[in-house]
Amino acid sequence: MECGPVGNDVELLCKTLQFEHKLFYFDLKENPRGRYLKISEKTSATRSTIIVPVDGIVWFINLVDYYINTDEHEAFSKELKIDSKVFYFDVGENKRGRFLKVSEASVSRNRSTIIIPAGSSGEEGWIAFRKILLEINEEASRLYIVSNQQSVEPSEHHPRLSDDVGAGFISGHVSQPASSSYLNIDRLIELPLHDEMGRLGLSKVIRVDQKRFFFDLGNNNRGHFLRISE
DNA sequence: ACGGCTC
């Protein structure tokens, strides 16, 4: 396991993905302002980094999904607004092949960009990238519960929680135990009013051009699901 | 071993 240099921020977990001649570093970090995922693309000559707030990880997963599942010439550019940042997703193609470009624009920094190759046989680069994000999202949700409960032994005292709660869907200022707020989702998810869910912090919205896409987490006895509505 | 990159 290779972790980047550690400053004041705490490293929670590190992963790497090597694809073609690029090396991607994924570092989940924490500081007093919150948690974020640092994604760096390293080649022999260059290194570029984007910083994704934890709440953005699930939307990254979803957007990578979109590009994996969308036909080559029907994939639109997308933008994702999180906090004060905007991430731009674009597909491109050149003689080396297809790639997904993810750019971060924030007020204070210069724009930074990572480029994820699709790969030569299908989209295995994007699929591998998504897999890492899924792993991080799952592990981050466990870490979230651990720190939120401030319990030294969460696996003994809260054995069910870690599998039931996804990161990013529980707002940071929930004062109730995560389990009780979570149990309400089944009823709330049936409500057709998106603004009602938005008010309760249970829905996320991505605006693309004139459209708005709503992402809502739910579960039932069949398992977990993410509902996307336009 | 590449190499892509308006916001």
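Hydrogens, waters and symmetry mates are skipped; everything else that's a heavy atom, side chains included, is used. This structure is a prediction, so every number in the text was calculated from the model and none was measured.
For residues 115-133 of chain A, the pairs satisfying salt bridge (Lys or Arg N to Asp or Glu O under 4.0 Å) are A/Asp65-A/Arg130, A/Arg98-A/Glu123, A/Lys131-A/Glu135, with sequence neighbours left out. For residues 103-124 of chain A, there are no ring pair (Phe, Tyr, Trp, His ring centres under 6.0 Å) pairs, not counting sequence neighbours.
Looking at residues 110-118 of chain A, you'll see A/Arg111, A/Thr113, A/Ile115, A/Pro117 sit with a heavy atom under 4.0 Å from some atom of DNA chain B.
For the ring-ring contact (aromatic ring centres under 6.0 Å, His included) test, no residue two or more places apart in sequence or in another chain qualifies with A/Phe19. Judged as a ring-ring contact (aromatic ring centres under 6.0 Å, His included), and not counting sequence neighbours, the contacts of A/Phe26 are A/Phe129. For A/Lys22, the salt bridge (Lys or Arg N to Asp or Glu O under 4.0 Å) test picks out A/Glu41, with sequence neighbours left out. Listed by chain and number, the residues in a ring-ring contact (aromatic ring centres under 6.0 Å, His included) with A/Tyr36 amount to none (sequence neighbours excluded).
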Cut-off 3.5 Å, no hydrogens considered: what does the side-chain donor-acceptor table look like for residues 110-119 of chain A, sequence neighbours left out?
| residue | atom | partner | partner atom | Å |
| --- | --- | --- | --- | --- |
| A/Ser112 | OG | A/Thr49 | O | 2.8 |
| A/Thr113 | OG1 | A/Ser103 | OG | 2.8 |

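Closest-nucleotide positions on DNA chain B for A/Phe99 and A/Tyr88 were compared, and the one nearer the 5' end corresponds to A/Phe99.
Taking every nucleotide of DNA chain B with any atom under 4.0 Å from a non-hydrogen atom of chain A, the first and last of them, 5' to 3', are B/dC2 to B/dC7.
Using modelled atom types, one side-chain atom of A/Tyr67 and one backbone atom of A/Phe76 make a donor-acceptor pair closer than 3.5 Å.
At the heavy-atom level, A/Ser48 lies nowhere under 4.0 Å from the strands shown. Using a 4.0 Å heavy-atom criterion, one finds that A/Lys22 contacts the bases of the nucleic acid, with or without backbone contacts as well.
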